[in-house]
Amino acid sequence: MDEQESLVAAINEEVKLCAYNSAWPSLYEEERQRLHALLPGTIIDIQHIGSTSVPGLMAKPIIDILAGVASMEVAESIGEVLCKSGYTTSAEFNRSLTDRKWFMRWANGHRTHHLHVVVHAGPVWSERLKFRNALRADPDLAAKYEKLKVQMTTEHSQDREAYTDAKAHFVQAVSRAA
């Protein structure tokens, strides 16, 4: 499989969950260090978010990373550097986003990382961290989220957007309550 075939496979990859992998924090840390080295002084803070950041939680085996920058103008300005260093993005999708920019890394036909570049300490930054922290602090809440994810994976295994949209109400309710 060449790079283009690998990218196409990753873009169209089925939504699948797997058991928690204790290597996920190390994979996040490697990428965090790589991003800081790639964009010195540009990223204010980087956090591991998403289900791979919650010990014991089933997840899609994709490391979700939240990178906080000073402004959306900065977020837009780093896209070319990221894309020259192993990430790709959807220009069309990013144009539809006003509060973040999204990038993806892949290997061997599978997504490996999702990078969400947002304004540091802004609403998206705070919401994502509140959700992660709530799941880490409450095993019962994490179990409810896992049950929902399993159900949504069954219903939307071929449609990533529908899978994400189906979890949105739960995520928003937890973030507001945190």
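All residue numbers refer to positions in the sequence shown, counting from 1.
- The environment of CG in Asn12 is crowded: more than 12 heavy-atom neighbours from other residues, nucleotides or ligands sit within 6.0 Å.
- At distances below 3.5 Å, not a single donor-acceptor pair connects side-chain atoms of Arg111 with backbone N or O atoms of Arg105.
- Within the model, atoms CD of Glu73 and CD of Glu76 stand 6.5 Å from one another, a figure rounded to the nearest 0.5 Å.
- Taking a cutoff of 4.0 Å between a charged side-chain nitrogen and a carboxylate oxygen, Arg34 and Glu30 do not qualify as a salt bridge.
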Would Arg95 and Glu92 count as a salt bridge (Lys or Arg N to Asp or Glu O under 4.0 Å) here? Give the steps. CA-CA 5 Å; Arg95 277 193 298 276; Glu92 178 182 348; 5.6 Å; no
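- Taking CD of Gln151 as the start and NE2 of His156 as the end, the distance is 8.5 Å to the nearest 0.5 Å.
- Looking at Thr89 and Lys101, their side chains never bring a donor and an acceptor atom within 3.5 Å of each other.
- Counting heavy atoms from C-beta outward, Ile43 and His120 have side chains that stay 4.5 Å or more apart.
- Among residues at least two apart or in separate chains, salt bridge (charged side-chain N to carboxylate O under 4.0 Å, His left out) pairs with a member in residues 8-17 are Glu13-Arg160.
- Between Lys60 and Thr153, every side-chain heavy-atom pair lies at or beyond the 4.5 Å cut-off.
- Put simply, the side chain of Lys167 reaches to within 4.5 Å of the side chain of Tyr145, judged on heavy atoms.
- A donor-acceptor contact under 3.5 angstrom links the side chains of Gln47 and Arg132, judged on distance only.
- Looking at Lys149 and Glu146, no side-chain N of the basic residue comes within less than 4.0 Å of a carboxylate O on the acidic one, giving no salt bridge.
- Within the 4.5 Å cutoff, the side chain of Trp24 has heavy atoms near those of the Pro61 side chain.
- Contact annotation: the side chain of Val117 never approaches that of Val74 to less than 4.5 Å [non-hydrogen atoms, C-beta and beyond].
- Environment of CD in Glu5: crowded, with over 12 heavy atoms of neighbouring residues, nucleotides or ligands closer than 6.0 Å.
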